[in-house]
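Down below is the structure, laid out as structure tokens.
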Amino acid sequence: MDRTLIKDLRSVIGQTIKLQGWLQTLRDQKKIQFLILRDPTGLAQVAHWKPNDEVLAELIAKMGAETALTITGKVIDNPIVKLNGLEIQLESLEVDNMAEIPLPFDPFAETLPTIDYRLDWRYMDLRRSVNALLFQVQTSVEMAMREYWVKNKFIEVHSPKLMGTPSESGAELFSLDYFERKAYLAQSPQFYKQMAMAAGFERIFEIGPVFRADPSFTSRHMTEFTGVDMEISWINSHEDVMAFEERWLQYIYTRVKELHGDAIKKQFGVDLVIPEVPFPRIPMREAVEILKSRGYALPADKKGDIDPGGEREIAAYVKEKFNHDFVFLTDWPISVRPFYHMRIPEDQTLTRSFDLIACGLEITTGAQREHRVEMLQKQALEKGLHLEPIQFYLDFFRYGCPSHGGFGLGLSRLMMAMLNLNNIREVVYIFRGPTRLNP
RNA sequence: GGGGGCGUGGUGUAGUGGCUAACAUGCGGCCCUGUCAAGGCCGAGAUCGCGGGUUCGAUACCCGUCGCUCCCGCCA
């Protein structure tokens with residue numbers, strides 16, 4: 001017998017069907033047992049008249065909540081039943097896997113344990129329907145990203161995560177033994193996506209793991225996360241990159257709203273707004289002035305940078321003034337940008353770079369890259385870098401590399417912004433942080 | 001790395017310088033002709049994170065330590 005999904009029960013009234021799922025609750029009375037069974041599509045009431053099978057009744061009585069079950073029974077239309085006016089009269093029951101009693105915690109209780117405890121028992125936590133939806137949405141997000149890229153003739157690449165040399169600074173790298181020498185975990189695919197531009201691929205993307213050895217204890221940092229990166233050639237400035245990203249995001253939101261808009265509204269209470277293009281753009285110098293005029297005190301040592309509180313304040317300003325959840329902060333000073341960001345010709349203290357803030361959260365950094373090798377060398381030296389370790393990278397720009405730029409986006413951060421969740425641990429499948437390597 | 005907060009039955013919380021540390025939920029038992037967030041009665045379950053100090057007396061106050069958490073730094 002094929003499995004029937006709970007959402008389809010109304011179409012098989014009168015038939016004997018098979019259901020598979022988890023025991024949500026058991027109400028065991030004198031003569032009758034009610035089993036509420038949960039599958040990924042909903043809940044259904046299964047009734048067992050105990051005198052029909054006393055042995056089975058005893059087995060059922062011992063089952064703990066969350067036991068995995070396969071049952072067969074006849075679907076009855078019964079308006080008295082509050083759960084969809086349906087019930088299944090139990091005919092047979094097979095325990096696939098008994099749930100031990102007690103559970104570490106009840107995922108369906110009104111109050112949940114703290115996040116740290118739930119992460120210890122992540123598979124139980126993931127049984128909550130909000131989490132199933134969350135990862136369905138994430139699947140659609142990635143699908144939509146790819147749909148848009150493929151329509152626009154992008155090539156997907158997978159760059160190595162084991163590196164022989166530290167790429168950028170070195171401080172936040174994980175190192176490990178690699179046969180007779182040291183290797184490092186990639187903290188960004190930056191160099192390799194630029195290499196694809198030197199290879200003439202013109203438009204590429206990568207979705208893959210990124211490692212950062214930062215001891216960051218915040219609700220938005222992880223030591224391993226999924227980076228969404230892309231790079232395009234023959235651009236005139238970072239404006240071309242932003243113009244691509246905003247339309248790409250608009251497409252993603254459109255697809256997610258089509259596929260999950262109602263469910264998101266119901267489960268997260270979020271009315272997904274498809275962002276209008278163009279997104280507001282604010283040069284950093286202007287952003288600093290806006291913050292001053294709103295009485296937001298930036299730390300003195302920031303030198304043209306903005307702290308997270310400032311980003312939230314700018315987001316509030318943008319929401320008030322443009323009614324928009326996204327804002328590009330552009331033209332960052334060279335002091336806070338890496339050596340490979342291209343400088344603005346008219347003002348060499350600024351870079352052709354941007355961050356994208358979504359609902360006050362930094363989700364993207366992007367830029368036009370410096371593709372002229374002599375400029376790149378000069379800028380690397382100014383940043384105090386040694387050229388030898390990055391020579392392989394500098395060589396990309398010696399034999400005909402087009403102008404190019406791109407961005408990196410944090411997948412989980414996008415999910416936080418989209419679903420209005422304030423802790424990245426809630427959004428990522430398995431969290432990795434400075435003090436968490438399990439499960 | 002710096003700062004703030006928290007740590008009480010399995011879980012979530014309350015609480016007070018002094019009798020047997022409270023409540024919810026969960027768990028066990030009994031009762032209830034069909035419940036439906038089921039209900040009723042009974043019961044088990046906490047050396048109040050750990051170490052030290054103040055005090056006649058500490059779960060409560062102080063110090064240290066560990067863990068968690070949030071913020072800053074850093075970033076996606």
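The sequence lines fix the lettering, A, B, ..., with proteins before strands; numbering per chain opens at 1.
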Rounding to the closest angstrom, what is the interatomic distance between [N] and [M] at atom [atom1]?
N	M	atom1	result
A24(B)	G45(B)	C1'	15 Å
G64(B)	C27(B)	C1'	38 Å
A22(B)	A46(B)	C1'	12 Å
C41(B)	U47(B)	C1'	31 Å
G49(B)	U59(B)	C1'	12 Å
G9(B)	G5(B)	C1'	24 Å
U16(B)	U55(B)	P	24 Å
G15(B)	C23(B)	P	15 Å

- line: side chain to side chain contact (heavy atoms under 4.5 Å, CB included) with Leu9(A): of Thr4(A), Thr41(A), Asp77(A), only one passes, and it is Thr4(A)
Checking all strands, does [X] fall into the base, sugar-phosphate, or nothing category for heavy-atom contacts under 4.0 angstrom?
X	result
Asp106(A)	nothing
Thr365(A)	sugar-phosphate
Gly227(A)	nothing

What is the distance, to the nearest angstrom, from the [atom1] atom on [X] to the [atom2] atom on [N]?
X	N	atom1	atom2	result
Ile306(A)	G73(B)	CD1	P	12 Å
Trp49(A)	U35(B)	CH2	C1'	12 Å
Glu66(A)	U11(B)	CD	P	18 Å
Asp120(A)	U69(B)	CG	P	10 Å
Phe211(A)	C75(B)	CZ	C1'	16 Å
Leu26(A)	A38(B)	CG	C1'	12 Å
Leu361(A)	C72(B)	CG	P	11 Å
Ile80(A)	U35(B)	CD1	P	8 Å

- prompt: Going by 5.5 Å between centroids and 30° between planes, is there a stack of Phe225(A) over A76(B)?
  reply: yes
When you get a sec, tell me which of [options] is the closest nucleotide to the side chain of [X]?
X	options	result
Val81(A)	U35(B), C32(B), A76(B)	U35(B)
Arg27(A)	A38(B), U33(B), A76(B)	A38(B)
Ile101(A)	G34(B), C27(B), G12(B)	C27(B)
Ile115(A)	C36(B), U69(B), C72(B)	U69(B)
Phe217(A)	A76(B), C32(B), G1(B)	G1(B)
Thr218(A)	U11(B), A76(B), G73(B)	G73(B)

Lys NZ or Arg CZ of Arg425(A) over Phe431(A) ring: under 6.0 Å, within 45°: yes
field: Sorted by number, the residues of residues 32-43 of chain A with heavy-atom contact under 4.0 Å to RNA chain B
entry: Ile32(A), Phe34(A)
Pairing partner (Watson-Crick or G-U wobble, both distances under 3.5 angstrom) of [N]:
N	value
U13(B)	A22(B)
C41(B)	G29(B)
G1(B)	C72(B)
U59(B)	none
G64(B)	C50(B)

- prompt: Taking the nucleotide of RNA chain B with the closest heavy atom to each, which residue, Thr435(A) or Asn78(A), is nearer the 5' end?
  reply: Asn78(A)
Most 5' of Pro102(A) and Glu110(A) on RNA chain B, judged by nearest nucleotide: Pro102(A)
field: Under 3.5 Å side-chain donor-acceptor pair for Gln20(A) and Thr70(A)
entry: yes
message: If we count only N and O atoms by modelled type, under 3.5 Å, do the side chains of Lys74(A) and Thr72(A) hold a donor and an acceptor together?
response: no
message: Run the side chain to side chain donor-acceptor pair (under 3.5 Å) test on His404(A) and Gln194(A) for me, step by step, so that the C-alpha distance in whole Å, both residues' side-chain angles and the decisive distance to 0.1 Å come before the verdict.
response: CA-CA 8 Å; His404(A) 63 280; Gln194(A) 288 189 254; 2.9 Å; yes
Lys/Arg N to Asp/Glu carboxylate O, Arg203(A) vs Glu231(A), below 4.0 Å: no
Please confirm whether the shortest side-chain N or O distance from [X] to OP1 or OP2 of [N] is below 4.0 Å.
X	N	result
Thr114(A)	U69(B)	no
Arg220(A)	C72(B)	yes
Gln29(A)	G34(B)	yes
Arg425(A)	U69(B)	yes
Thr111(A)	U25(B)	no
Arg312(A)	C72(B)	yes
Ser219(A)	C70(B)	no
Asn423(A)	C70(B)	yes

message: Apply ring-ring contact (aromatic ring centres under 6.0 Å, His included) to residues Trp248(A) and Phe407(A) and explain how you reach the verdict.
response: CA-CA 12 Å; Trp248(A) 174 76; Phe407(A) 65 82; 5.4 Å; yes
Donor-acceptor under 3.5 Å (Glu206(A) side chain, Ser159(A) main chain): yes
- prompt: Is the CE atom of Met415(A) crowded by more than 12 outside heavy atoms at less than 6.0 Å?
  reply: yes
- prompt: Got a sec: does the CD of Glu100(A) have more than 12 other heavy atoms crowding it under 6.0 Å?
  reply: no
message: Are Leu356(A) and Phe326(A) packed together at the side-chain level, in the sense that at least one heavy-atom pair is separated by less than 4.5 angstrom?
response: yes
Can you check nucleotides 39-44 of chain B for protein contacts, nitrogen or oxygen pairs under 3.5 Å, and list what you find?
none

- prompt: Mind checking whether Phe244(A) and Phe154(A) have ring centres under 6.0 Å apart?
  reply: yes
task: May I ask you to check whether Phe279(A) and Phe354(A) place their ring centers less than 6.0 Å from one another?
output: no
